[in-house]
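Everything on this sheet refers to the single structure shown next.
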Amino acid sequence: MIFAANLKCNHTRASFENYAKEINSYQNNEDEIFIFPPSTAFSNLKLNFFQGAQNFYPCKNGAYTGEIAQEHLEEFNIQSVLIGHSERRALGENEEFLRAKFDFAKNFDYNIIYCIGESLETKQAKKSLDFLKNQLDNIDLNYNKLIIAYEPIYSIGTGVSADSKDIEEVLNFLSQFSSNKFLYGGSVNQENIKTICGLKNCHGVLVGSAALKADNFLKMIQIAKG
Ligand code: PGA
């Protein structure tokens, strides 16, 4: 299974060092664990999980004030990136820009966790499937290091995950278009992780708030597998 933690704008360099050590102590040969810390906290430790970047600018280096480029990821041996998170889309990352990020990351052979998700309004209008399919039309679905994370916007950070039935319907639909793995994200916690990981076509989870403490995240992994 795939267990991914998006720490968003939380943790400092000092606190992430402890976080990384805690995750490192978890011995695991079966699962893939991805952790996305803030970029100022990237770790130089030898890690037994994939350290990823929440954000990057699609360039090797250059005149892009305030951005993080490929060279900076390379320095920390980072080869995994998150693209399309709804919080980045809300800041203005449009399909064209997401496509540029995707193509750039693919060119470097990175693991890409590509996030898609609809609003409550779209869901209530019964337009979820079309909307999500459109979001995927933007990228190469045959790229073999692509993982698609379905994260309905209405469930992110709300404490209430989407209905299992709805998640399954979406993942079943999307899996027609890609043989890559799918994650669910949006208020995944200790109570719901096992059910969610057991859904058809669900290969793991992308966790925000409930992963902010390493011990909690490790406990969730145990629950999902137990
Ligand atoms: P959440 O965040 O688990 O806090 O809902 C998930 C995400 O934004 O990836």
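Residue numbers run from 1 in the order of the sequence given.
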So how far is it from [X] [atom1] to [Y] [atom2], rounded to the nearest 0.5 Å?
{"X": "I148", "Y": "S178", "atom1": "CD1", "atom2": "OG", "answer": "4.0 Å"}
{"X": "I167", "Y": "L199", "atom1": "CD1", "atom2": "CG", "answer": "5.5 Å"}
{"X": "S161", "Y": "I193", "atom1": "OG", "atom2": "CD1", "answer": "11.0 Å"}
{"X": "Y26", "Y": "N48", "atom1": "OH", "atom2": "CG", "answer": "10.0 Å"}
{"X": "N18", "Y": "I23", "atom1": "CG", "atom2": "CD1", "answer": "11.5 Å"}
{"X": "K60", "Y": "E71", "atom1": "NZ", "atom2": "CD", "answer": "5.5 Å"}

Who are the salt bridge (charged side-chain N to carboxylate O under 4.0 Å, His left out) partners of [X], not counting sequence neighbours?
{"X": "E17", "value": "K21"}
{"X": "K8", "value": "E87"}
{"X": "E30", "value": "K225"}

Pairwise side-chain contact, [X] with [Y], heavy-atom cut-off 4.5 Å (strictly under):
{"X": "N180", "Y": "I147", "answer": "no"}
{"X": "L206", "Y": "N6", "answer": "yes"}
{"X": "F42", "Y": "L73", "answer": "yes"}
{"X": "I116", "Y": "L136", "answer": "yes"}
{"X": "R89", "Y": "L98", "answer": "yes"}
{"X": "P38", "Y": "Q54", "answer": "yes"}
{"X": "C197", "Y": "V205", "answer": "yes"}
{"X": "F36", "Y": "I113", "answer": "yes"}

*For Q79, what residues pass the side chain to side chain contact (heavy atoms under 4.5 Å, CB included) criterion, not counting sequence neighbours?*
N77, Y110
_So, using side chain to side chain contact (heavy atoms under 4.5 Å, CB included) as the criterion, who are the partners of E191 when residues are at least two apart?_
N189
*Give the C-alpha distance, both sets of side-chain angles, the deciding distance and a yes or no for ring-ring contact (aromatic ring centres under 6.0 Å, His included) between F3 and F50.*
CA-CA 10 Å; F3 299 100; F50 295 104; over 10 Å; no
*Quick one: ring pair (Phe, Tyr, Trp, His ring centres under 6.0 Å) partners of H203, sequence neighbours excluded?*
none
*Please test D215 against K219 for salt bridge (Lys or Arg N to Asp or Glu O under 4.0 Å), starting from the C-alpha separation and ending with a verdict.*
CA-CA 6 Å; D215 57 348; K219 182 86 203 295; over 6 Å; no
Is it true that a side-chain atom of [X] and a backbone atom of [Y] form a donor plus acceptor pair closer than 3.5 Å?
{"X": "E168", "Y": "K200", "value": "yes"}
{"X": "D130", "Y": "K127", "value": "no"}
{"X": "E118", "Y": "K123", "value": "no"}
{"X": "N138", "Y": "E95", "value": "yes"}

*asked:* Tell me whether L171 shares a hydrophobic cluster with L183, the cluster being built from Ile, Leu, Val, Met, Phe, Trp, Tyr side chains joined at under 4.5 Å.
replied: no
*Are I83 and F131 co-members of a hydrophobic cluster defined by side-chain heavy atoms under 4.5 Å apart?*
yes
*asked:* Checking S155 against Y184: is there a side-chain donor and acceptor pair closer than 3.5 Å?
replied: yes
*Judged by modelled atom types alone, do K101 and N55 share a side-chain donor-acceptor pair under 3.5 Å?*
yes
*Please name the residue in the list Y57, F56, F104 that meets the ring-ring contact (aromatic ring centres under 6.0 Å, His included) test with F97.*
Y57
Can you name the closest pair of heavy atoms from [X] and [Y] and give their distance?
{"X": "A5", "Y": "Y19", "answer": "CB-OH, 3.9 Å"}
{"X": "Q135", "Y": "G117", "answer": "OE1-N, 2.9 Å"}
{"X": "A20", "Y": "F49", "answer": "O-CE2, 3.7 Å"}
{"X": "L45", "Y": "S43", "answer": "N-OG, 3.0 Å"}

*Run the side chain to side chain contact (heavy atoms under 4.5 Å, CB included) check on R13 and T40 step by step: do they pass?*
CA-CA 6 Å; R13 189 163 193 76; T40 55; 5.7 Å; no
*Show the numbers, then the answer: is there a side chain to side chain contact (heavy atoms under 4.5 Å, CB included) between I33 and I221?*
CA-CA 10 Å; I33 297 180; I221 296 175; 3.7 Å; yes
_The test is side chain to side chain contact (heavy atoms under 4.5 Å, CB included); show your working for K106 and K145 and say whether it passes._
CA-CA 8 Å; K106 179 183 159 192; K145 289 192 173 174; over 6 Å; no
*Passes side chain to side chain contact (heavy atoms under 4.5 Å, CB included), R88 versus L82? Steps please.*
CA-CA 10 Å; R88 301 276 340 151; L82 209 58; over 6 Å; no
_Check for me whether K133 meets the cation-pi criterion with F173, that is, NZ or CZ under 6.0 Å from the six-membered ring centre and within 45 degrees of the ring axis._
no
